[in-house]
Amino acid sequence: MQPPFKIYNTLTRKKEVFKPINPPLVGMYVCGPTVYNYVHLGNVRTFTGFDILYRYLLHLGYKVRYVRNITDVGHLVDDADDGEDKIGKKAKLDNLEPMEVVQKYTNDFHDVMNILNNKAPSIEPSATGHMIEQIKMIEDLLEKGFAYETNGSVYFDVRKYSESHEYGKLSGRNIDELLSGQRELDGQDEKRENIDFALWKKATKGHIMRWPSPWSDGFPGWHLECSVMGQKYLGKTFDIHGGGMDLKFPHHECEVAQGTACNDVEPVNYWMHANMLTVNGQKMSKSLNNSILPNELFSGNNPLLDQAYSPMTLRFAFMQAHYRSTMDISNEALKAASKGYRKMINGLRLVKGLSYSEDSAIEKDAKLNKQILSIIDSVYRGMNDDLNTAVAIAGLFNLLKKINGIHLGQIKIPALEKEVFDKMVNTYISFVEDVLGFIEEKPQNLESAIEIVLQDYKEAKEAKDYDKVDLIRGQLKVMGISVKDMKDRIEWAYDEQ
RNA sequence: GGUCGCGUGGCCGAGCGGCUAGGCAGAGGUCUGCAAAACCUUUUACAGCGGUUCGAAUCCGCUCGCGACCUCCA
């Protein structure tokens, strides 16, 4: 018997049994990247973490609509009134159209997601593609009295909202402290309160990214897009909203406020936050100059790394830690992950080659059967306990001991009950491949492998061992490789049939 | 300063009051032409000080150290 699937809900600060609104449908929204630069390993960790959630929900049989946005406008460099848009700034810097910037880094993001075998979301909406919906939501908020206009910009009225609702409940802030604190910043005169946040900003002269609206030529505030797109594709209240821990405040707090103010319902049932990736104990972040890019990791081309590490090594390293714990990246951790990953994949290759057999001469081993079932249980217990992939992996390694035992003949397959055997095989394969999302990284040096075979071919030919010669040639042909005996050497080419 | 979180053996990292986490590294053994893998056994723990309890890494308090958010950040 396994416990039900529980997830930690930031809103209640508790692990809660996951109950979707309309089972078997599940709606999940994850804040995607702002595409003004290459994603770094910390960004990637979060998305990989939520990939596991997506995969596990699918594994449990849910029909999941996974929405992960691309932020391509509205994310300001800082919070001052004349704050520059991140995309716009980069566009100026690189002398590109903003949409070229967006496309470039969106492509990079997709490449990285693919190479890490993260599943694509069901919908990947962009902020600029939902301008009309955003303007509509601002109008609704104005109409309901939760927003006000100043000089062509529109702000969310936090004080007003907090009179009837609890602003700060997600991130654990105290509204009075927020209101009383830090009034001294300059350039905030358009806002009634410092903690009010922009729904629409009037574009300043040099601002390239602008759209017409009832208030001004301008652009939407960052927090708005997620509310709008979440609501559009998942409903006014949906099941799960995820993102990095650093988005909890103010971004997600603002989302809660906007959604609640607009629709008078709780926008999200379960808020989930992935913790930060650290380097030497400090958060990986561009401003600290300690970020590592995926391509740098895969090539080893970064001063913090003393070798290259493969995509699956990174994935394995992520999976060995819980998503809500900070995780420190280091050469030692990555090297250990690399070996662990290979061990796991070697197991996968073995287990795929196993098949059940009966033998009346061999007695069933009741203790062993029970033990295997209990290990399988531990894998599910781990995942059901707020996606504890580290526990699940530990279980898989325990299972692997049995699988290796079978492989070496120390455990006789007929000693297992058929259903135990099947369950063991299915659990191992489905968790490694489907739930944790590992793929086999095959050696790239196919050509040198062919050269080795051809050397054998050459020797057989010199020894006039034509049976062997024909055998090798035939086997290579099956692989799509044709051997060509030249006058003075042997070559190979892709078989053209 | 406010809010929250963390401190586990050589390293990473689970653990949510009693029952072997796991991986990497180390030691011994089995296997083996050599090697690798695998399997078996095994050495190192819970920041410190108090308290609660029959029993605490696990709960409470204090101290020390570290981090995140509070301003853009996954």
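Model, not experiment: these values are computed from the prediction. Heavy atoms only: backbone and side chains are in, while hydrogens, waters and symmetry mates are out. Below, read A as the first sequence line, B as the second, and so on, with proteins coming before strands; counting in each chain starts at 1.
In this structure, the separation between OG1 on Thr128(A) and CD1 on Ile87(A) is 9.0 Å, given to the nearest 0.5 Å. To the nearest 0.5 Å, atoms NZ (Lys205(A)) and CZ (Arg210(A)) are separated by 10.5 Å. To the nearest 0.5 angstrom, Gln371(A) atom CD is 10.5 Å from Leu399(A) atom CG. One distance of note links CD1 of Ile52(A) with CE of Met383(A); it measures 6.0 Å at 0.5 Å rounding. Here the straight-line distance linking atom CZ of Phe318(A) with atom CE of Met312(A) works out to 11.0 Å at 0.5 Å rounding.
C12(B) and G2(B) have their P atoms separated by 31 Å, given to the nearest Å. Comparing the same atom, P, in C40(B) and in C24(B) gives a spacing of 13 Å after rounding to whole Å. Comparing C4(B) with G61(B), their P atoms are spaced 12 Å from each other, to the whole Å. Straight-line distance between the C1' atoms of A38(B) and G55(B): roughly 40 Å, to the nearest whole Å. Nucleotides A37(B) and C70(B), compared at atom P, are 47 Å apart to the nearest Å. Using C1' as the reference atom, C64(B) and A21(B) are 29 Å apart when rounded to the nearest Å. Here the separation of G33(B) from G23(B), taken at their P atoms, is 28 Å to the nearest Å. With both ends at atom C1', the span from U43(B) to A47(B) equals 23 Å, rounded to whole Å.
Across the protein-nucleic acid pair, Lys283(A) atom NZ and U71(B) atom P stand 13 Å apart, rounded to whole Å. Taking atom NE2 of residue His75(A) and atom C1' of nucleotide U71(B), one finds them 11 Å apart after rounding to whole Å. The CG atom of Leu277(A) sits 13 Å away from the P atom of A68(B) (whole-angstrom rounding). If you take NZ of Lys201(A) and P of C72(B), they are 11 Å apart, rounded to a whole angstrom. Distance, Asp377(A) CG to A21(B) P: 18 Å, rounded to whole Å. Nucleotide G23(B) holds its P atom 13 Å from the CG atom of Leu399(A), rounded to whole Å. To the nearest angstrom, P of C72(B) lies 13 Å from CG of Asp85(A). For the pair Asn118(A) CG and A74(B) C1', the computed distance is 13 Å after rounding to whole Å.
Here G22(B) is the nucleotide among A74(B), G22(B), C70(B) with the atom lying nearest to any side-chain atom of Asn398(A). Listed candidates were C69(B), A74(B), A68(B). Nearest to the side chain of Gln282(A) is A68(B).
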Along nucleotides 4-15 of chain B, 5' to 3', which nucleotides get a B, which get an S, and which get a -, given that the test is a protein heavy-atom distance under 4.0 Å?
-------SSSSS
Tell me, for nucleotides 26-48 of chain B in 5' to 3' order, what letter each nucleotide earns: B for a base near a protein heavy atom under 4.0 Å, S for only sugar-phosphate near one, - for neither?
------------SSS--------
Validation: residues 31-41 of chain A side-chain donor-acceptor distances under 3.5 Å, sequence neighbours left out:
{"unit_1": "Thr34(A)", "atom_1": "OG1", "unit_2": "His75(A)", "atom_2": "ND1", "d": "2.7"}
{"unit_1": "Tyr36(A)", "atom_1": "OH", "unit_2": "Lys86(A)", "atom_2": "NZ", "d": "3.3"}

Pairs of donor and acceptor atoms involving the side chains of residues 290-297 of chain A, under 3.5 Å and at least two apart or interchain, shall be tabulated with distances.
{"unit_1": "Asn290(A)", "atom_1": "OD1", "unit_2": "Ser285(A)", "atom_2": "N", "d": "2.9"}
{"unit_1": "Asn290(A)", "atom_1": "ND2", "unit_2": "Lys283(A)", "atom_2": "O", "d": "3.0"}
{"unit_1": "Glu296(A)", "atom_1": "OE1", "unit_2": "Leu293(A)", "atom_2": "N", "d": "3.0"}
{"unit_1": "Glu296(A)", "atom_1": "OE1", "unit_2": "Asn302(A)", "atom_2": "ND2", "d": "2.6"}

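Ionic pairing of Glu440(A) and Lys352(A) is not present here: no N-O contact between side-chain nitrogen and carboxylate oxygen is shorter than 4.0 angstrom. Using a cutoff of 4.0 Å between basic side-chain nitrogens and carboxylate oxygens, Lys412(A) and Asp359(A) are not scored as salt-bridged. One finds a salt bridge joining Asp94(A) and Lys90(A) here, because a Lys/Arg side-chain nitrogen approaches an Asp/Glu carboxylate oxygen to under 4.0 Å.
Residue-level contact check: Leu396(A) touches neither bases nor backbone, having no heavy atom under 4.0 Å from any strand.
With hydrogens and angles left out, the side-chain atoms of His130(A) and Tyr233(A) include a donor and acceptor closer than 3.5 Å. No side-chain donor-acceptor contact under 3.5 Å links Ser325(A) and Asn275(A). Side-chain atoms of Gln455(A) and Glu459(A) include a donor-acceptor pair closer than 3.5 Å.
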Set out, line by line, the N/O atom pairs under 3.5 Å between protein and nucleotides 63-66 of chain B.
none

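Across the interface with RNA chain B, nearest-nucleotide mapping of Gly243(A) and Lys335(A) shows Lys335(A) to be the residue nearer the 5′ end.
Arg68(A) forms no cation-pi arrangement with Phe50(A), by the criterion of a distance under 6.0 Å to the ring centre and an angle within 45° of the ring axis.
Side-chain contact check for Phe109(A) versus Ile70(A): some heavy-atom pair is nearer than 4.5 Å.
The strand RNA chain B forms stems, runs of 3 or more Watson-Crick or G-U wobble pairs with distances below 3.5 Å, at B:1-7 with B:64-70, B:10-12 with B:22-24, B:26-30 with B:38-42, B:47-51 with B:59-63.
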